[in-house]
2 protein chains.
Amino acid sequence: MTQPTFRALADPTRRDILQMLATGDMTIAQITDRFDMTRAAVKKHLTVLSDGGLITTEVRGRERINRLDPAGFAPVRDWLTFFDRFWDDRLTALTDAIEKDQP
Amino acid sequence: MTQPTFRALADPTRRDILQMLATGDMTIAQITDRFDMTRAAVKKHLTVLSDGGLITTEVRGRERINRLDPAGFAPVRDWLTFFDRFWDDRLTALTDAIEKDQP
DNA sequence: TAGATAGGATACCGATTGGTATCACGTCAA
DNA sequence: TTGACGTGATACCAATCGGTATCCTATCTA
C-alpha cells in the first residue's frame, strides 16, 4: 500500500491540495476554484490521492466532500522511521567507539 | 528543493536503492549486481536520487562511491511535520471542547 | 603499453502522466 | 417537471519516465 502513497505525493499540485484540505473539507468545485485547472484535472488528482489513502470522500446529495485521512500518511512516516532508526544506531555505535577509545 | 526529493521517492526501485545504501556505501556496479537492470538504468536512478539530495557521491579513482545523505530526508520530514502539528491542534481543540462540556 | 575495468553520455522506445474537451447522469430547486 | 448544478467517464494530446543499446572516456594493472 506504500507505492500508491508515495506516487500520490510526487506531484506538487496534489501536495497543495492536501495542504488546502488541512484547512477544511472541500468539494471538487471548491478545490477547482483555487487552481488554474479544469475540474476534470482536479478530479484526477483526487482519485490518485484517494488511491494513496490520503483522502476519503463522503457523498452528500450531489456533492462529494473530500476529507484528509491522517491514517494515509502512515506508510511515509513508517518508511522514514526505518532510516531514523538506522541513523540512531550508527550514532550510538560511533559514540560507543569513542567511549572505548577514552576509558 | 522539496519537489526533487518527493519525485525521487516516488519510484519503488529508488526507495530500494536507498535501503540498500543504508547497509553500506556502494558503487554503481555493486548496486547493479543486485537488480535485474542495466547499469545505465541504475545510473539514471542515482542521478534522480542525487538531484533530490538523498545521496552524495565520492569519486575514488575510477570508482564512484554512492552514500546516503541524511540531510536530504529533511524536506519530507518537515512536510509531514506540518500535518502532524495540524492534527495535534485539532486534537487539543477537541479535548478542550470536551472539558468545557464537562466542568 | 595494452587490455580490462568502472563509469559517463546519448539516442531511442513504449508506457505512464498531467492536462483538456466533451458528453452523460443524478440531484436539487423553482 | 424542467432547468441548473455538481460530478463521473472517456477519448485524446504532448510531455515525461523507466529502461535498453551503444559508444566514449578515464583509470587501474599485468
Side-chain angles (χ1 to χ4, degrees), chain A residues 1-21 24-69 72 76 79, chain B residues 1-21 24-69 72 76 79:
Chain A
M1 205 21 201
T2 119
Q3 173 52 20
T5 306
F6 276 100
R7 195 264 203 186
L9 295 183
D11 186 271
T13 301
R14 283 194 290 267
R15 293 199 303 278
D16 285 347
I17 292 178
L18 289 178
Q19 298 226 23
M20 283 183 40
L21 288 180
D25 306 340
M26 302 177 80
T27 66
I28 294 191
Q30 288 173 323
I31 299 175
T32 305
D33 281 346
R34 308 208 189 175
F35 283 97
D36 191 20
M37 221 183 311
T38 316
R39 181 183 52 78
V42 172
K43 158 71 176 168
K44 277 194 181 182
H45 283 306
L46 290 175
T47 301
V48 175
L49 286 171
S50 178
D51 288 348
L54 294 161
I55 64 171
T56 58
T57 29
E58 174 195 342
V59 179
R60 196 152 65 198
R62 60 183 161 181
E63 293 183 338
R64 279 178 70 99
I65 313 294
N66 298 276
R67 173 173 301 122
L68 229 52
D69 186 355
V76 187
W79 191 84
Chain B
M1 206 22 203
T2 120
Q3 172 54 19
T5 306
F6 276 99
R7 196 263 201 183
L9 294 182
D11 186 271
T13 300
R14 284 195 289 269
R15 292 199 304 278
D16 285 347
I17 291 179
L18 289 178
Q19 298 225 23
M20 283 183 42
L21 288 180
D25 306 341
M26 303 178 80
T27 66
I28 294 190
Q30 288 174 323
I31 299 174
T32 305
D33 281 347
R34 308 207 190 176
F35 283 97
D36 191 21
M37 221 183 309
T38 315
R39 179 182 53 77
V42 173
K43 157 70 177 169
K44 278 193 181 181
H45 283 305
L46 290 175
T47 301
V48 176
L49 287 171
S50 178
D51 289 348
L54 294 161
I55 65 170
T56 58
T57 29
E58 175 196 342
V59 179
R60 196 151 67 196
R62 63 182 160 180
E63 292 182 336
R64 279 178 70 98
I65 314 295
N66 296 277
R67 174 174 299 123
L68 229 53
D69 186 355
V76 186
W79 191 83

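Each chain gets a letter, A, B and so on, in the order the sequences are listed, and its residues count up from 1. Only a predicted model underlies this, so the values are computations on that prediction, with no experimental measurement involved.
- Across all non-hydrogen atoms, the minimal contact from B:Thr32 to B:Met37 is CG2-O, 3.5 Å.
- Taking the side chain as every heavy atom from C-beta outward, A:Met20 and A:Phe35 approach each other to under 4.5 Å.
- Of all nucleotides in DNA chain C, those with any atom nearer than 4.0 Å to a heavy atom of chain B start and finish, going 5' to 3', at C:dA4 to C:dA11.
- The closest side-chain heavy-atom distance from A:Trp79 to B:Val76 is not below 4.5 Å.
- Side-chain contact between A:Leu46 and A:Arg64: absent, with no pair of heavy atoms (C-beta onward) separated by less than 4.5 Å.
- Annotation for B:Asp25 and B:Arg67: closest pair OD2-NE, 2.7 Å, computed over non-hydrogen atoms.
- The shortest heavy-atom contact between A:Ala8 and A:Arg14 is O-NE, 2.8 Å.
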| remark: The contact string for nucleotides 19-30 of chain D, one letter per nucleotide 5' to 3', using protein heavy atoms under 4.0 Å with B, S and - for base, sugar-phosphate only and none, comes out as BBB-----BS--
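- Between the side chain of B:Arg7 and the main chain of B:Val48, no donor-acceptor pair closer than 3.5 Å is present.
- Distance A:Leu46 CG to D:dG6 C1': 13 Å, rounded to the nearest Å.
- Scanning DNA chain C for stems, defined as runs of 3 or more consecutive Watson-Crick or G-U wobble pairs whose donor-acceptor distances all fall under 3.5 Å, gives the following ranges: C:1-30 with D:1-30.
- No donor-acceptor pair closer than 3.5 Å links the side chain of A:Glu63 to the backbone N or O of A:Arg60.
- For the side chain to side chain contact (heavy atoms under 4.5 Å, CB included) criterion with B:His45, the lone passing option out of B:Leu18, B:Asp16, B:Thr13, B:Ile55 is B:Thr13.
- Atoms CD1 (B:Ile17) and P (D:dG18) sit 11 Å apart, rounded to a whole Å.
- With a 4.5 Å cut-off on side-chain heavy atoms, A:Leu54 and A:Asp69 do not count as touching.
- Across the protein-nucleic acid pair, A:Ile28 atom CD1 and D:dA9 atom P stand 10 Å apart, rounded to whole Å.
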